[in-house]
Amino acid sequence: MEKMQLRSGVLHTKSAMPRTWFNRLFAFIYLISIYALFYHHYHNIVTSTDKLTKTNTIIFLVADLILAFMSIARQIFRLWPIRREVFPENLTVDESEYPALDVFVCTADPYKEPPIGVVNTVLSLMAYDYPTDKLSVYVSDDGGSQLTLFALMEAAEFAKHWLPYCNKHSLVDRAPEAYFTSKTNLCFPENGVATAELDEIEILLESASEKEQYGHKMPNLVYVSREKRKSTLHNYKAGALNALLRISATMTNAPLVLTQDCDMFSNDPKTPLRALCFFMDPKMDSNLALVQFPPIFYGINKDDIYGAEFREPITNNSCGMDAIRHQSSPYC
């Protein structure tokens with residue numbers, strides 16, 4: 001009860017993680033081991049009379065210096081790991097006062113990044129628990145693919161059925177592919193209709209090369225295709241994001257911008273509200289410019305028996321990186 005009262009009205013909290021002191025002890029022991037290794041190299045260089053042995057020792061010393069620098073740099077992230085928790089239910093601002101949000105999605109190759117995957121990503125973003133008049137999704141297609149354009153047009157039509165379905169049942173996985181492959185969606189009778197609609201999109205995409213008419217209107221969805229010339233450097237994804245920034249500044253000019261990979265869906269419909277818990281918290285630093293939601297990668301290597309979730313840099317380092325601040329307390 002006391003903890004609930006403490007969190008009442010609080011938008012977010014932060015706390016040192018329990019493993020902090022264990023991490024520091026490990027880092028200290030690790031530092032002693034590195035020192036012992038360097039002392040061993042130094043001793044060999046000073047005492048050895050064989051030139052070949054000295055040369056080999058110097059080579060190993062240089063290699064170990066590089067590895068030691070990399071290891072120490074990684075340990076820094078583990079000295080002050082903190083965990084943040086947000087409470088979007090404590091947002092007291094009326095929805096009409098929420099800041100506008102522009103979502104940027106970049107794709108470049110309809111063969112390496114299949115349009116059906118882009119569709120799933122875009123639908124998961126359009127289904128956010130956020131006022132529809134405040135949310136705009138921009139898709140940059142560097143491949144200039146008619147197939148991708150057609151897929152997004154069909155997705156806009158499918159969204160008319162999918163978004164109300166998500167809201168009605170308060171779905172968490174709002175990417176259709178992720179939802180229909182899970183085992184928790186069997187209790188809703190509308191599943192058959194929604195699945196049929198999604199299957200129809202896939203069938204249409206397979207035969208899209210034979211189609212010439214693409215005539216659907218896309219609500220809250222903007223498609224952008226950049227012209228790439230061999231004589232001009234287009235700066236790849238950075239260039240695509242710059243182009244989207246200029247276009248959104250002209251069309252919606254939202255103060256908040258979210259970037260999302262085209263082949264990674266958003267698995268939390270309250271993501272924008274969680275970000276607002278930082279941006280709208282009066283206790284936060286006014287210079288706050290970035291809130292990151294670390295991704296989780298599945299199936300990177302088909303032969304990886306551990307699920308390829310890529311935990312190390314995402315789960316461990318990000319908690320420590322969040323605590324590296326200027327001269328004030330590391331937990332501020």
Side-chain angles (χ1 to χ4, degrees), residues 4 7 11 85-103 105 114-139 151-205 216-222 256 258 260-277 293-299 307 309:
M4 293 179 62
R7 293 176 177 178
L11 291 180
E85 189 174 0
V86 296
F87 307 96
E89 64 273 10
N90 290 339
L91 286 169
T92 57
V93 180
D94 187 80
E95 287 190 356
S96 61
E97 299 182 25
Y98 284 174
L101 173 65
D102 286 347
V103 185
V105 180
I116 193 64
V118 181
V119 165
N120 275 277
T121 299
V122 169
L123 287 172
S124 72
L125 299 170
M126 294 178 67
Y128 273 152
D129 287 340
Y130 208 72
T132 55
D133 59 327
K134 301 279 187 175
L135 178 64
S136 300
V137 180
Y138 292 81
V139 179
L152 292 174
M153 290 178 172
E154 293 297 326
E157 290 298 314
F158 177 69
K160 297 177 181 178
H161 306 280
W162 178 244
L163 302 189
Y165 177 79
C166 293
N167 293 329
K168 178 180 178 181
H169 298 292
S170 301
L171 303 187
V172 176
D173 290 331
R174 299 194 174 184
E177 182 178 3
Y179 172 70
F180 290 118
T181 54
S182 69
K183 297 180 180 180
T184 59
N185 57 53
L186 304 178
C187 58
F188 302 138
E190 301 95 323
N191 277 356
V193 177
T195 306
E197 290 274 356
L198 190 62
D199 290 341
E200 183 179 350
I201 291 180
E202 293 188 10
I203 294 172
L204 288 171
L205 288 178
H216 295 295
K217 185 178 180 181
M218 297 184 290
N220 299 329
L221 187 57
V222 179
L256 295 182
L258 168 66
Q260 171 83 30
D261 283 340
C262 67
D263 54 356
M264 295 185 65
F265 66 90
S266 179
N267 65 348
D268 185 356
K270 294 188 180 296
T271 295
L273 301 181
R274 297 185 186 280
L276 290 185
C277 288
F293 294 86
I296 297 179
F297 299 89
Y298 294 99
E309 293 188 11

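None of these values were measured; they are calculated from a predicted model.
One distance of note links CD of Glu177 with OG of Ser124; it measures 11.0 Å at 0.5 Å rounding. Distance check: Asn120 CG to Arg174 CZ gives 14.5 Å after rounding to the nearest 0.5 Å. In this structure, the separation between CG on Leu125 and CG on Leu258 is 6.5 Å, given to the nearest 0.5 Å. Rounding to the nearest 0.5 angstrom, the gap separating the OG1 atom in Thr92 from the CD atom in Glu97 is 9.0 Å. How far SG of Cys166 is from NE2 of His161: 13.0 Å, rounded to the nearest 0.5 Å. Between Leu123 atom CG and Leu221 atom CG the span is 9.0 Å, to the nearest 0.5 Å.
Every residue meeting the side chain to side chain contact (heavy atoms under 4.5 Å, CB included) condition with Asp133, not counting sequence neighbours, appears here in chain and number order: Pro131. The ring-ring contact (aromatic ring centres under 6.0 Å, His included) test applied to Tyr130 returns Tyr98, not counting sequence neighbours. With sequence neighbours excluded, no residue forms a side chain to side chain contact (heavy atoms under 4.5 Å, CB included) with Pro164. Under the side-chain hydrogen bond (donor to acceptor under 3.5 Å, both in side chains) criterion, Ser170 pairs with no residue, sequence neighbours left out. A search for salt bridge (charged side-chain N to carboxylate O under 4.0 Å, His left out) contacts involving Lys270 returns Asp129, not counting sequence neighbours. Under the rule for a side chain to side chain contact (heavy atoms under 4.5 Å, CB included), the partners of Thr271 that lie at least two apart in sequence or sit in another chain are Tyr128, Ser266, Asp268, Phe293.
What you find for Pro269 and Ala127 is that their closest heavy atoms are CB-O, 4.2 Å. Looking at every heavy atom in both residues, Met126 comes nearest to Leu135 through O-CD2, 4.0 Å.
Judged by distance alone, the side chain of Thr121 and the main-chain N or O of Cys262 form a donor-acceptor pair under 3.5 Å. A donor-acceptor pair under 3.5 Å is formed between the side chain of Lys134 and the backbone N or O of Ser96.
Side-chain contact check for Leu273 versus Val86: every heavy-atom pair is 4.5 Å or farther apart. Using a 4.5 Å heavy-atom threshold, the side chains of Leu11 and Leu91 count as touching.
A side-chain contact (heavy atoms from CB on, under 4.5 Å) with Leu152 is found for one member of Val105, Val222, Val139 and no other, namely Val139.
Ring planes of Tyr165 and His169: perpendicular class, angle over 60° (limits at 30 and 60°).
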